[in-house]
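Labels below follow one simple rule: chain letters A, B, ... track the order of the sequence lines, proteins then strands, and each chain is numbered from 1. Predicted model, so just to flag it, every value in this text is computed and none were measured.
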2 protein chains.
Amino acid sequence: MANINEVAKLAGVSVATVSRVLNGQDVVTPKTRLKVEDAIKKLNYEPSMLGRNLRNSESRVLLVLIPSISNPFYFEIIKGIEATALDYNYNILLCETDSNPERENIYFDLVRKKMADGIISMDPAVNIDTLKSLSEKHSIIQCSEYSTEGNIPYVTIDNEDAAYRAVKHLIKLGHQKIALFNSNEKYLYARQRKEGYIKALKEFNLPVKEEYMIYTDQLGFDNGSQATKKIMNLKDRPTAIFAVSDLLAIGALKELNSAGVNVPDEMALIGFDNIDFSNMTHPTLTTIAQPMYQMGTVAASMLINKINGKHVENTVLNHELLIREST
Amino acid sequence: MANINEVAKLAGVSVATVSRVLNGQDVVTPKTRLKVEDAIKKLNYEPSMLGRNLRNSESRVLLVLIPSISNPFYFEIIKGIEATALDYNYNILLCETDSNPERENIYFDLVRKKMADGIISMDPAVNIDTLKSLSEKHSIIQCSEYSTEGNIPYVTIDNEDAAYRAVKHLIKLGHQKIALFNSNEKYLYARQRKEGYIKALKEFNLPVKEEYMIYTDQLGFDNGSQATKKIMNLKDRPTAIFAVSDLLAIGALKELNSAGVNVPDEMALIGFDNIDFSNMTHPTLTTIAQPMYQMGTVAASMLINKINGKHVENTVLNHELLIREST
DNA sequence: GTTGTTTATGTAAAGGATTACATTTTTGTA
DNA sequence: TACAAAAATGTAATCCTTTACATAAACAAC
């Protein structure tokens, strides 16, 4: 395959001129530009990113760390990241960590070895110490889940307020016994959403009952059904569930449907994230919508700015309560 | 950041020796190896992929073309590809084409420009001419959807047989009026699955009715509910639906549930692909499982072999009918 | 027709690794 | 001890661009 030298030779100019044409620099005379463009076409020349990247000490690749590729929560975010990345001539490497430190490390290595110019971390289970030390030499942005340790810039929503509004919505509908399906409190968002839940209950003088708060290992479908079974066995059964993820809520819904419990009449249900499927269930799911796509575009812009040495600020975006059939 | 020269200087050896240590070549004396390793540690040296890749004329990146990242059909395949790629020290660049030729071209450019070493194409809407001409100089594998034009190696399942078996299953359950929810026949798999559908009907002397065959633009949830509405309005309403994708089937299910039609008693339902959600619906969905993960690993191995100049053979994998609550 | 500016083009170094080939060191043997 | 063969290490070219700096060409002004 032809390289820049052959193009230069055929066009009768120097490689510098070819490079200038390639990069659209306007110092080149129209006449020479034409000669070069002809030669490029004749030789079917495509500039090699390998050479260019080495010379420019960049890879134009952004790493996106997610726990699992099949988690619908991340889809729109990723689309947002991708769109922005492409706009700025970057490509994204989607990295599924499985929340497995070993895999995580494979991917971190890519930025150490200059295969990637920066990282957008969306894995709640990320090793924050590694991330911190990596962020000293490399550009990193946290998206959605974050830690304030290490001063790594982040973009997120106000989780506490979102949970607060969801629970308040249930209370306004007359519910007094509201269960919380939360994930492990080692995650910041879990703690924040619990705060919101409690805040709403307290505001309306409702008791905060430990037995109504179910913690699940993961945010999956099965965890949702299991949590529901626990709730259903309580003497004083709640009349509403606020689940911190749609998948949890959909698991609950499946369980409730199977048990013949009518939703929303006998049990109201709110999810979190507004994944596509939350609108495909029967009944459709009331949920909190985060501005996913925007979160992605913002994260990508922040990262690209950081890579270019600009200063970036943390960003908190707005959420929205989508009221549907399940409440 | 340190480079190989500084390591060599500090260790008191030549860059060649450092490189040999880096690449685990055993010609190096244990004593020198130690010196080099010390220097590497002291300088916190990480070899740059940029330099290495340029020298080796490779990027160690595989392109994976999919129409949409949110289509659950691809999840397991991608996981399979990724696992195999990592085993062989490749990374995958997940490319969402949106079945948009312009985007497709951005990604094709990456392999032209040596940012990627090969392509696994899973986009049914891919421009086959471009793919063909690209395959003359670059390594390409088709996964799941394929065209025999251009002799590009592929891995797939026997779609006709899968459809045949699904429909036969319905017939054995006593159904005589079976609808087909198919996608556009410009796609090979659509034609093949229709063949299987017809083959089963004919084998049992059942009529093949045009009005029972609904074609949808996309394989999404909405298309499924719309198709169901059409079916429900027929004078001679079918008693079973075979949908060529789970999303179509889940859309149908939602519509049937809303209309108060009992599944499977009044309407049996079979999907295709065994996506995660097919097991989360109420009732759970009978479906055809393709060996997704394996399809991914096979595709990746084939591509890597092709990149390394080996000959690769087309592969047809086995599928499986999963009988669940909806039939 | 000089001289001085501006503008266009060319030269060569740099970026960071790998490796064929050359050279040096070690080992083995007579 | 001397020499040959084998093993370890070093030198320098190569992969392909970009770009600072040098040079050449074009043009303007006197």
Item to complete: Please determine, by modelled atom types, if A/S59 and A/N53 share a side-chain donor-acceptor pair under 3.5 angstrom.
Response: no
Item to complete: Tell me, with the steps shown, if A/K79 and B/S68 meet side-chain contact (heavy atoms from CB on, under 4.5 Å).
Response: CA-CA 9 Å; A/K79 289 186 194 198; B/S68 162; 3.8 Å; yes
Practice prompt. Assess the side chains of B/S147 and B/Y154: does a donor N or O sit below 3.5 Å from an acceptor N or O?
Written response: no
Item to complete: May I ask you to evaluate whether A/R52 reaches the phosphate of D/dT18, defined as a side-chain N or O under 4.0 Å from OP1 or OP2?
Response: yes
Discussion item. Between the base of D/dT18 and the side chain of A/R55, is there a donor and acceptor pair under 3.5 angstrom?
Written reply: yes
Practice prompt. May I ask you to say what B/L50 touches in the nucleic acid, namely base, sugar-phosphate or nothing, with a heavy-atom cut-off under 4.0 Å?
Written response: nothing
Discussion item. Is there a side-chain contact (heavy atoms from CB on, under 4.5 Å) between A/F73 and A/I77? Walk through the geometry before answering.
Written reply: CA-CA 8 Å; A/F73 171 72; A/I77 304 184; 4.1 Å; yes
Response to the item:
Its 5'-most and 3'-most nucleotides having an atom under 4.0 Å from a non-hydrogen atom of chain A, DNA chain C is contacted over C/dA8 to C/dG16
Fill in: A/N3 CG to D/dT18 C1', straight-line distance once rounded to whole Å
14 Å
Worksheet item: With a 3.5 Å cut-off and no angle check, do the side chains of A/Q290 and A/D273 form a donor-acceptor pair?
Response: yes
Worksheet item: In terms of the nearest nucleotide of DNA chain D, which residue is placed more toward the 5' end: B/T32 or B/G51?
Response: B/T32
Practice prompt. Please check the phosphate of D/dT18 (OP1 and OP2 only) for any side-chain N or O of A/S19 closer than 4.0 Å.
Written response: yes
Worksheet entry | B/T17 side-chain N/O to D/dG10 phosphate OP1/OP2 under 4.0 Å | yes
Worksheet entry | Residue mapping more 5' on DNA chain C - nearest nucleotide basis, A/R20 or B/Y45 | A/R20
Discussion item. Within the 4.0 Å heavy-atom criterion, would you say A/N56 contacts the bases, only the backbone, or no part of the nucleic acid?
Written reply: sugar-phosphate
Discussion item. Applying a 4.0 Å non-hydrogen cut-off, can you work out what B/V15 is touching in the nucleic acid: base, sugar-phosphate, or nothing?
Written reply: base
Fill in: Close aromatic pair by centroid cut-off 6.0 Å: B/Y293 and B/Y74
no
Discussion item. Assess the residue pair A/L63 and A/I120 against the criterion (side-chain contact (heavy atoms from CB on, under 4.5 Å)); give the C-alpha distance rounded to whole Å, side-chain angles, the decisive distance to 0.1 Å, and a yes or no.
Written reply: CA-CA 6 Å; A/L63 238 57; A/I120 293 176; over 6 Å; no
Worksheet item: What integer distance in Å separates A/L54:CG from D/dT19:P?
Response: 13 Å
Practice prompt. Please tell me which of the listed nucleotides, D/dC16, D/dG10, D/dT18, lies nearest to the side chain of A/N23?
Written response: D/dT18
Worksheet item: Distance check: side-chain N/O of A/N5 vs OP1/OP2 of D/dC16, anything under 4.0 Å?
Response: no
